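Here is the structure we will look at.
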Amino acid sequence: MMVSTDPPYYDNIGYADLSDFFYVWMRRSLKKIYPDLFRTMLVPKAEELIATPYRHHNSKEEAKVFFEEGMSRTCEQIFKYAREDVPVTIYYAYKQSDADVNGTASSGWETMLNAIIHAGFSITGTWPMRTEMSNRQVASGTNALASSIVLVCRKRQEEAPEIQRRQFMMELRRTMRNALPKLQESNIAPVDMAQSAIGPGMAVFSKYKGILESDGTKMSVRTALQLINKEIDAFFNEQGEDYDAVTRFCVDLYSQYGFNDVKFGEADTLARAKNTSVGYVESQGDVDSAKGIVHLVDRKDLTKEVDPSGNLWRVAQQLTRAMADEGIEGAATLYNKALPALQDKVRDLVYRLFSIADQKGWNNEAFAYNTLIQSWPDIVDRAARMKTAVAAEKLFDDALMAK
């Protein structure tokens with residue numbers, strides 16, 4: 001038997017409630033033909049496998065337990081009938097996250113992965129797939145997920161070993177360092193990056209019978225998710241090590257203050273740590289400084305000329321502005337003006353800026369960066385066609401001159 005399923009997304013959508021809209025009209029027409037199917041006035045809801053507190057005495061914990069137990073029973077049944085030679089595929093897209101002192105995780109992902117792993121599966125592959133329409137109501141003007149993550153699962157080998165946390169961390173880091181650049185190169189939308197990266201990380205976690213903590217207990221799925229998210233943050237932070245000094249300063253200033261005011265002394269200390277100064281960055285046009293107050297220049301006020309010195313920060317902000325104001329045509333024109341060596345680095349920087357804005361809850365900022373990356377293939381394609389058109393026009397002019 002082959003299983004490919006799209007299970008409920010924790011507490012995201014109450015399908016039974018939505019079904020009532022259609023059910024009442026169908027019941028009117030069909031209850032005499034299908035009396036058993038339409039014996040109730042509304043769609044039955046108590047059995048629906050979603051974590052909605054209002055169905056469980058307004059208790060989030062009771063709702064969570066209900067969902068966990070139901071999903072565990074479901075995965076155990078799938079495991080029982082799954083074939084050894086055919087993988088199980090599970091579609092999942094769940095953005096919400098929650099944080100504690102140990103880091104960021106997601107109750108929806110935690111519950112789903114717990115059920116899959118405890119049933120006896122290991123995750124052997126993940127495929128981010130663009131399945132969500134950007135014009136659907138929940139995505140309009142927001143950073144809603146654009147992709148579903150397809151988890152490819154197989155029965156875990158019975159002889160799978162247990163390993164120590166230290167070994168797991170080494171393998172996790174190695175795996176994530178290989179997987180994340182590939183996800184970027186495949187143009188995964190920034191809003192989908194954290195969800196997509198869960199797959200490679202959990203593939204490491206789930207192939208073992210257990211990851212042993214220092215006290216001998218087994219590592220939880222929640223802890224594994226937190227460690228995966230820390231590796232994602234570390235990866236983006238490390239990408240900034242080869243940025244130019246002005247960009248490193250601007251990114252750090254942005255991550256702490258956004259485009260808001262900061263005292264000169266604090267900004268200057270930050271600048272000198274990046275081997276630059278507020279005065280120099282101001283002379284380049286990236287910050288304003290007056291009366292002891294410093295702030296990043298809003299991208300709408302930046303010069304439209306591309307900096308030939310290799311200032312990644314400015315090119316990223318200019319491209320973001322061009323995409324918002326002029327669309328793909330404007331962004332492609334500016335893309336062609338940037339140094340070729342900057343173009344991919346700018347894309348990587350925009351991923352990092354999205355991550356900062358998303359974590360800070362700066363929704364408009366995150367939306368602007370996410371839109372730019374999602375449009376990146378179209379921008380690159382349009383830029384290439386612009387270059388070809390210019391080259392063809394030049395050849396034509398040269399031919400006329402030769403006559």
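These numbers were taken from a predicted model, which means no experiment stands behind them.
At least one side-chain heavy atom of Cys250 sits under 4.5 Å from a side-chain heavy atom of Val246.
A centroid separation of 6.0 Å or more is found between the aromatic rings of Tyr369 and Trp362. Ring centroid separation for the pair Tyr208 and Phe168 does not come in under the 6.0 Å cut-off. For Tyr254 and Trp313, the gap between ring centers is short of 6.0 Å.
The distance from the CZ atom of Arg314 to the OG1 atom of Thr247 is 9.0 Å, given to the nearest 0.5 Å. Between Thr52 atom OG1 and Lys45 atom NZ the span is 11.0 Å, to the nearest 0.5 Å. Rounding to the nearest 0.5 Å gives a distance of 10.0 Å between CZ of Phe259 and CG of Asp301. Note that CZ of Arg166 is 6.5 Å distant from CE of Met170, once rounded to the nearest 0.5 Å.
Among Met202, Arg156, Glu171, the one residue that satisfies the side-chain contact (heavy atoms from CB on, under 4.5 Å) test with Lys207 is Glu171. Screening Asn275, Thr269, Asp268 for a side-chain hydrogen bond (donor to acceptor under 3.5 Å, both in side chains) involving Arg272 leaves a single residue, Asp268.
Proximity of a side-chain donor or acceptor of Glu48 to a complementary backbone N or O of Ala16 within less than 3.5 Å is detected. Using a distance-only test at 3.5 Å, with no hydrogens or angles considered, no donor-acceptor pair links the side chain of Thr40 to the main chain of Val43. Distance alone, capped at 3.5 Å, places no donor-acceptor pair between the Thr217 side chain and the Glu213 backbone. Here the side chain of Asp286 pairs no donor or acceptor atom with the backbone of Glu282 at under 3.5 angstrom.
When every heavy atom of Arg39 is checked against every heavy atom of Tyr23, the shortest pair comes out as N-OH, 4.1 Å.
For residues 249-266, every residue pair satisfying the salt bridge (Lys or Arg N to Asp or Glu O under 4.0 Å) rule, not counting sequence neighbours, is listed here: Asp252-Lys274.
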- prompt: Should Ser122 and Ser206 be marked as a side chain to side chain donor-acceptor pair (under 3.5 Å) after you check the CA-CA gap, both sets of side-chain angles, and the distance that decides it?
  reply: CA-CA 5 Å; Ser122 65; Ser206 63; 5.0 Å; no

Side chain to side chain donor-acceptor pair (under 3.5 Å) evaluation trace for Gln359 with Asp233: CA-CA 11 Å; Gln359 289 176 13; Asp233 291 341; 3.0 Å; yes

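For Lys155 and Phe79, the positive end sits near the middle of the six-membered ring, less than 6.0 Å away and at most 45° from its axis.
In this structure, a donor-acceptor pair under 3.5 Å is absent between the side chains of Asn114 and Arg222.
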